Structure formats: C-alpha cells, structure tokens
*Asks:* 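Input: one structure, supplied below.
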Amino acid sequence: MTYIFDPMPTSSVAVADSDARIPVRRIFCVGRNYAAHAREMGRDPDREPPFFFTKPADAVVGDGETVAYPPETENLHYEAELVAVIGTGGRDIAEAEALDHVWGYAVGNDLTRRDIQLAARDKGRPWDMGKGFDRSAVIGPVHPVETVGHPDKGSIKLSVNGEVRQDADLAELIWSVPEIVSILSRSVTLRPGDLIMTGTPAGVGPLVAGDVCTVSIAGLGSIETRIGPRG
Ligand code: MN
C-alpha cells in the first residue's frame, strides 16, 4: 500500500496525571442543551430531541495553548462544556448501558465564529464554518471514569480575564450524558476516541486578542486558553 500523501498524524488529547494520550476519532457537539442558553440564542428550550454538529478531529487544542484569533469573523465566542470521551464503541446503545461506553471526562471550550454560525443558521445552511474551523475545540486533560466517576452535577464555570461569564451546574443539562450517547448511537456507530461536547450554559460572549479564557468543572479541574492576534 502506497499513499500519494503522507497520512495526517493522529490527533490526540491529554490524559490527566499520565503521559498517555487519547487518539481522537471524531468530535460530536450537542446544540442548545441548557434551557437558559437556548433562550439567549432566541430558541424555545422545549425538550425537542437533541441535535448534533461536528468538528474535525484535528481542531483539538490542549490546555494552556494560545489560539490565534481565527479568520473571517468579528465575533469569536467561548462556550464552556463538559466533554465525554467514548472508550467502547457501539451502535443502538441502550440508555441504561450508555455510561459503560464512556472512558472519561474533560473540560472543553467550543470556540465559535458566532457571526458565521448565526448567518448560516438563519439561512438554513450548515454550521461547519461557524463551528468546525481550525483550532476550534479546546479539550483539557481527560480524567478516567475510574477516578472521577460520571459527573452529573456540580459547577461549570467560565471566566474571561478573571471575570465570571458563565456560571451553571451540570444538573441543568437538558439531555444527560447517557441519553446523548444512546441517541447519538442510533444515528452513527460510535468508536473509541469519539469525543462528545455536551453543550454550553447561558452567558456566551465574545473573546478578543489578548483575552485569557478559563473554564472549570467541579472534579475535572480547569483549562486556560489565551487568544492571540489574528493568525
Ligand atoms: Mn457548544
């Protein structure tokens, strides 16, 4: 077998307190999974079925890295999120067994070109260019379930330059992790290394060059991202 081009190196994310890393297969994201955030985006938070979008695996950024202000936007937003990492694949996974498929959890920041996303949304076009741009998925070190269990309540908080902008509780998730894993697995076969960004609470807002954005989740620590000048 000869490839015309060298295959891309495997994207990966850190594991807490370990030199090992998790290879990233796909990044799924849940839209509007906290009622107050759905309202701030001008949408009804009724418990309609969850919907998903994706980011490329090579969009991952680790804790402490600088992200250059991305091109083609004047409204880069932060979104604090709990990230679930699939360790055992499957399809048509029952909700009662769904947590057995999760290897661990991390703190995430779903960076968003809000102007591009909203223009696409309002025209019924795909969200890819608003959500799936280069270096748009900040993912902290993954904590194994064997050490942190399955977080389903506790603080999720985001600050910009030390000012708190998002302050909520994981218990406010409209769709829980087992529900998300089960529903997603009806649409696509999940595999080890699939990441699921579970949605952001209210309080989303802009980042500009020079900002330092910190996200923390009870039991999972915190991650920091500095926004650099436009790349
Ligand atoms: Mn999000």
Side-chain angles (χ1 to χ4, degrees), residues 13 24 26-45 47-57 59-63 67 70 73 75-86 105-122 125-140 142 151 155-160 165-177 179-181 183-184 187-188 194-207 211 213-217 220 222-223 225 227:
V13 291
V24 178
R26 293 187 291 187
I27 306 173
F28 298 98
C29 308
V30 184
R32 296 194 286 268
N33 202 19
Y34 289 80
H37 173 61
R39 278 187 223 105
E40 78 179 348
M41 297 305 289
R43 289 295 186 267
D44 187 339
R47 210 167 183 268
E48 59 181 20
F51 67 94
F52 300 92
F53 58 91
T54 60
K55 291 175 185 263
V60 292
V61 175
D63 174 33
V67 173
T73 184
N75 198 17
L76 175 68
H77 272 207
Y78 54 79
E79 293 191 353
E81 311 210 0
L82 172 70
V83 182
V85 177
I86 297 295
Y105 294 89
V107 179
N109 193 344
D110 168 13
L111 296 177
T112 300
R113 293 193 286 207
R114 190 71 73 200
D115 41 2
I116 296 178
Q117 181 215 0
L118 293 185
R121 185 190 77 174
D122 295 344
R125 291 178 180 168
W127 288 16
D128 301 50
M129 292 299 113
K131 288 289 196 177
F133 53 96
D134 298 343
R135 294 177 67 73
S136 58
V138 185
I139 309 285
V142 180
S155 168
I156 177 169
K157 201 176 268 200
L158 180 145
S159 64
V160 180
R165 302 285 175 80
Q166 293 184 286
D167 188 358
D169 195 288
L170 296 176
E172 296 167 42
L173 278 169
I174 296 173
W175 295 93
S176 68
V177 170
E179 288 172 326
I180 291 166
V181 169
I183 293 167
L184 182 57
S187 282
V188 291
D194 284 341
L195 311 185
I196 305 175
M197 304 186 80
T198 59
T200 198
V204 298
L207 292 167
D211 281 349
C213 186
T214 305
V215 188
S216 62
I217 295 178
L220 302 179
S222 66
I223 61 168
T225 305
I227 304 301

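Order of listing sets the numbers, starting from 1, for every ligand and every atom in it. Everything numeric in this text was worked out from a predicted model, so none of it was measured. Side-chain atoms are counted along with the backbone in the values below, which use heavy atoms only and exclude waters and symmetry mates.
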*Asks:* Can you name the ring pair (Phe, Tyr, Trp, His ring centres under 6.0 Å) partners of W175, sequence neighbours left out?
*Replies:*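 Not a single residue meets the ring pair (Phe, Tyr, Trp, His ring centres under 6.0 Å) criterion with W175.
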*Asks:* Just give me the atom name: the N, O or S atom of D110 closest to the Mn ion (ligand 1).
*Replies:*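 Of all N, O or S atoms in D110, the Mn ion (ligand 1) lies closest to OD2.
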*Asks:* Less than 3.5 Å apart, any donor N or O on the side chain of D115 or T73 sitting next to an acceptor on the other?
*Replies:*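 There is such a pair between these side chains.
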*Asks:* If you look at E79, which of its N/O/S atoms is nearest to the Mn ion (ligand 1)?
*Replies:* OE1
*Asks:* When you check the gap from the basic side-chain N to the acidic O, do D128 and K55 get nearer than 4.0 Å?
*Replies:* no
*Asks:* Taking the six-membered ring for Trp, are W127 and F51 parallel (under 30°), tilted (30 to 60°) or perpendicular (over 60°)?
*Replies:* perpendicular
*Asks:* Please give the atom name: the N, O or S atom of E81 nearest to the Mn ion (ligand 1).
*Replies:*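 Closest N, O or S atom of E81 to the Mn ion (ligand 1): OE2.
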